[in-house]
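Excluded from the calculations below are hydrogen atoms, water molecules and symmetry mates; all remaining heavy atoms, backbone and side chain alike, are included. Counting begins at 1 with the first residue of the sequence.
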Amino acid sequence: MAGTAGLTQEELKKMVGYKAVDDHVRSGMVVGLGTGSTAYFAVERVGQKLKSGELKDIVCIPTSERTREQAESLGIPLCTLNEKSRLDVSIDGADEVDPDWNLVKGGGGALLREKMVEIVSDKFICIVDESKLCKGLGPGFPLPVEITPFCHEHTLRVVAELPAIKPYLKEAVLRMGSSSTNKRDGDNIAVTDNGNYIVDLHFKETLKDAPAAAAQLKSAVGVVDHGLFINMATEVIVAGKEGVFV
């Protein structure tokens, strides 16, 4: 696709969201619907194609309450992983993408449901605008970690001390206000769709070993899950000034 120069970031997000659905979603599929400003357009496209009759007999699994509400408003048939433990494809955005296609996700607070859905998808199509591409994970976007509310200050300290995290960490911040943004927009602790808290890890330098950081985070007691998505994306669709590339 040529001619993306001069398009706004919103228009670029729409292009990759629509392209992901056009390229990968077919009638009869089970489809995972991501969460966030880019995934929003993929959900919108699924709704359009169902309405026009171009897609038939598909069922979708949303990764957040926000996505569920959007999908319902568009008449998209929904189920959960309880009914379907295998998906044909999931489409979702990312906050950072490194050269190995490792991702940071969860700026919008839906990391646990996103990971649960995307890990059991035959294909996970990641859609981003080129501002999300980076040389290494860490400094560009805080890494969210979903933790249990029980003794959350203790768990925050445990996470900050992990060997694959500590040398690169600037600060560990409890998310406040709305769980769907990592900007502090309220005085109460942010609560996820799952009733948990989020710690955002701000890094001063690139994580040397993202897979090790992922493993250490996952095995820390009190951590439910984290926003490192390692070796999960099967394709990354990027919209930039030069066009859309895969």
Side-chain angles (χ1 to χ4, degrees), residues 1-2 4-5 7 9-21 23-24 32 34-39 41-42 63 89-108 110-112 114-146 159 162-170 172 182 200-219 225-246:
M1 282 189 209
T4 54
L7 292 184
Q9 195 178 21
E10 281 302 290
E11 289 164 329
L12 293 174
K13 288 176 176 181
K14 184 173 180 173
M15 283 179 78
V16 288
Y18 279 30
K19 179 175 170 57
V21 173
D23 288 357
H24 294 284
T35 295
S37 56
T38 311
F41 289 110
T63 53
V89 63
S90 286
I91 299 171
D92 203 359
D95 301 308
E96 274 196 313
V97 182
D98 80 3
D100 297 325
W101 294 10
N102 294 321
L103 317 174
V104 167
K105 289 174 52 52
L111 54 141
L112 174 62
E114 288 169 347
K115 191 174 281 188
M116 287 177 72
V117 167
E118 287 148 20
I119 201 86
V120 291
S121 300
D122 290 348
K123 291 195 293 188
F124 166 32
I125 310 303
C126 179
I127 49 176
V128 292
D129 63 86
E130 66 185 350
S131 69
K132 306 294 169 49
L133 302 179
C134 64
K135 291 187 174 67
L137 304 179
F141 197 90
L143 170 63
V145 181
E146 188 157 339
V159 164
L162 292 170
I165 299 284
K166 186 179 181 180
Y168 319 105
L169 188 66
K170 185 165 74 178
N182 60 13
D200 287 302
L201 301 178
H202 296 254
F203 292 100
K204 55 182 189 258
E205 41 186 297
T206 303
L207 280 172
K208 289 288 179 284
D209 190 344
Q216 289 173 21
L217 283 166
K218 185 73 183 183
S219 61
D225 220 315
H226 55 77
L228 286 170
F229 284 50
I230 307 290
N231 297 328
M232 283 180 58
T234 43
E235 185 172 296
V236 181
I237 305 178
V238 184
K241 288 184 283 294
E242 306 303 312
V244 173
F245 59 95
V246 175

What donor-acceptor contacts under 3.5 angstrom involve side-chain atoms of residues 202-213, with partners at least two apart or in another chain?
unit_1	atom_1	unit_2	atom_2	d
Lys204	NZ	Leu169	O	3.2
Asp209	OD1	Ala212	N	3.1

query = Between atom CD of Glu96 and atom CG of Leu103, what is the distance when rounded to the nearest 0.5 Å?
reply = 10.0 Å
task = Grab the two heavy atoms, one from Pro144 and one from Val104, that are nearest each other, plus how far apart they are.
result = CD-CG1, 4.1 Å
key: Derivation of the side-chain contact (heavy atoms from CB on, under 4.5 Å) call for Leu162 and Leu217   = CA-CA 8 Å; Leu162 292 170; Leu217 283 166; 3.7 Å; yes
message = Please give me the minimum heavy-atom distance between Ala164 and Gln216, naming the atom from each residue.
response = N-OE1, 2.9 Å
key: Check against side-chain contact (heavy atoms from CB on, under 4.5 Å), Tyr18 and Val244   = CA-CA 11 Å; Tyr18 279 30; Val244 173; over 6 Å; no
request  = Could you please spell out the steps behind the side-chain contact (heavy atoms from CB on, under 4.5 Å) verdict for Glu114 and Thr35?
outcome  = CA-CA 8 Å; Glu114 288 169 347; Thr35 295; 3.3 Å; yes
query = Which distance, rounded to the nearest 0.5 Å, do you find between the CD of Glu118 and the CG of Leu111?
reply = 10.5 Å
query = Is any side-chain heavy atom of Val16 less than 4.5 Å from a side-chain heavy atom of Val238?
reply = no
task = For Gly34 and Ala39, work out which heavy atoms get closest and say how close.
result = C-CB, 3.5 Å
ask   = At what distance, to the nearest 0.5 angstrom, does CD1 of Ile237 lie from NZ of Lys19?
value = 5.5 Å
ask   = Any idea which heavy atoms bring Val89 and His24 closest together, and the distance?
value = CG1-O, 4.0 Å
Approximate separation, where rounding is to 0.5 Å, of Leu143 CG and Asp200 CG = 8.0 Å
ask   = Is any side-chain heavy atom of Pro99 less than 4.5 Å from a side-chain heavy atom of Leu133?
value = no
task = Look at the side chain of Asp95 and the backbone N and O of Gly107, then say whether any donor-acceptor pair between them is shorter than 3.5 Å.
result = yes
ask   = Ignoring hydrogens and geometry, is there a side-chain-to-backbone donor-acceptor pair from Asn102 to Asn231 under 3.5 Å?
value = yes
query = Which pairs pass salt bridge (charged side-chain N to carboxylate O under 4.0 Å, His left out) with one or both residues in residues 124-145, sequence neighbours excluded?
reply = Asp129-Lys132, Glu130-Lys241
request  = Mark yes or no for whether Asp98, through its side chain, and Asp100, through its backbone, hold a donor-acceptor pair below 3.5 Å.
outcome  = yes
request  = Answer yes or no: is there a donor N or O on one side and an acceptor on the other, between the side chain of Lys115 and the main chain of His226, under 3.5 Å?
outcome  = yes
remark   = CG (Leu201) and OH (Tyr168) are apart, to the nearest 0.5 Å, by 14.0 Å
inquiry  = Would Glu10 and Lys14 count as a side-chain contact (heavy atoms from CB on, under 4.5 Å) here? Give the steps.
reply    = CA-CA 6 Å; Glu10 281 302 290; Lys14 184 173 180 173; over 6 Å; no
note = Taking every heavy atom of Ile91 against every heavy atom of Ala42, the minimum-distance pair comes out as CG2-CB, 3.8 Å
task = With sequence neighbours excluded, give me every salt bridge (charged side-chain N to carboxylate O under 4.0 Å, His left out) pair touching residues 119-128.
result = Arg86-Asp122
Distance in Å, Met15 CE paired with Phe41 CZ, rounded so as to fall on 0.5 Å steps = 12.5 Å
Taking every non-hydrogen atom, the tightest pair across Val117 and Gly32 = CG1-CA, 3.9 Å
